[in-house]
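Just below is one structure, and these are the notes that go with it.
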Amino acid sequence: MSPVEERQALRSAIAGAGFRGISQDSQERVTQFQAAHTGTERRMAFDDLHALLSDAILIAPMAASAANDLRLAQAGAPAETASAR
């Protein structure tokens with residue numbers, strides 16, 4: 001697999017499964033937070049949600065780049081042009 005193909009595969013994985021997984025996990029963490037009865041349970045649920053969203057913030061630029069590369073690829077632009085941005 002060429003470096004360009006590897007980069008495209010990584011971006012596809014981040015754009016696809018990555019954010020779907022984060023979305024589902026976030027919904028579960030919010031449900032846990034809402035179901036918490038004690039301050040300790042709420043704090044633990046909040047900390048879990050905070051950690052997950054912090055990770056999402058870190059990968060957001062890569063996911064946005066992957067989505068843009070996909071859009072450009074569908075429009076017929078070469079991958080190198082999309083990745084250079």
Side-chain angles (χ1 to χ4, degrees):
M1 185 179 283
S2 75
V4 171
E5 291 170 329
E6 288 177 14
R7 195 167 45 249
Q8 288 173 334
L10 175 61
R11 287 185 174 142
S12 294
I14 291 168
F19 268 100
R20 275 194 298 268
I22 288 172
S23 174
Q24 292 167 348
D25 288 348
S26 295
Q27 290 173 352
E28 291 172 11
R29 300 302 191 289
V30 168
T31 300
Q32 290 171 354
F33 181 78
Q34 291 172 335
H37 297 294
T38 67
T40 301
E41 289 175 342
R42 281 190 295 276
R43 183 64 191 184
M44 290 173 58
F46 177 81
D47 288 346
D48 287 347
L49 180 60
H50 184 265
L52 182 68
L53 295 178
S54 293
D55 289 346
I57 289 167
L58 291 175
I59 68 167
M62 290 182 282
S65 179
N68 188 52
D69 284 355
L70 178 61
R71 182 185 61 82
L72 291 174
Q74 290 172 341
E80 292 79 18
T81 302
S83 299
R85 293 182 177 180

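Since the structure is predicted, the reported quantities are computational estimates derived from the model, not experimental observations.
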Task: Joint hydrophobic cluster, L53 plus V30, side-chain heavy atoms closer than 4.5 Å - done: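 Yes: a chain of side-chain contacts under 4.5 Å links L53 to V30.
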- [ ] Determine whether L52 and F33 fall in the same hydrophobic cluster, where Ile, Leu, Val, Met, Phe, Trp and Tyr are linked whenever their side-chain heavy atoms lie under 4.5 Å apart.
- [x]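 Different clusters.
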Open item on the list: Minimum heavy-atom separation for R42 and H37, please, with both atom names.
Closed with: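 Scanning both residues completely, I find the closest heavy atoms to be NH1-O, 3.4 Å.
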TODO: Check whether any side-chain heavy atom of D25 sits under 4.5 Å from a side-chain heavy atom of E28, and report yes or no.
DONE: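 In contact.
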Task: Donor-acceptor under 3.5 Å (E41 side chain, T38 main chain) - done: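 Looks like yes, one N/O pair under 3.5 Å.
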- [ ] Quick one: pull up CG in D47 and CZ in R29 and give me the separation to the nearest 0.5 Å.
- [x]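 D47 CG to R29 CZ: 11.5 Å, rounded to 0.5 Å.
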Task: Spatial distance of atom CE (M44) from atom CD (Q32) [nearest 0.5 Å] - done: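 So the CE of M44 and the CD of Q32 are separated by 9.0 Å.
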Open item on the list: Checking D55 now: which residues fulfil side-chain hydrogen bond (donor to acceptor under 3.5 Å, both in side chains) with it, not counting sequence neighbours?
Closed with: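 D55 satisfies side-chain hydrogen bond (donor to acceptor under 3.5 Å, both in side chains) with no other residue.
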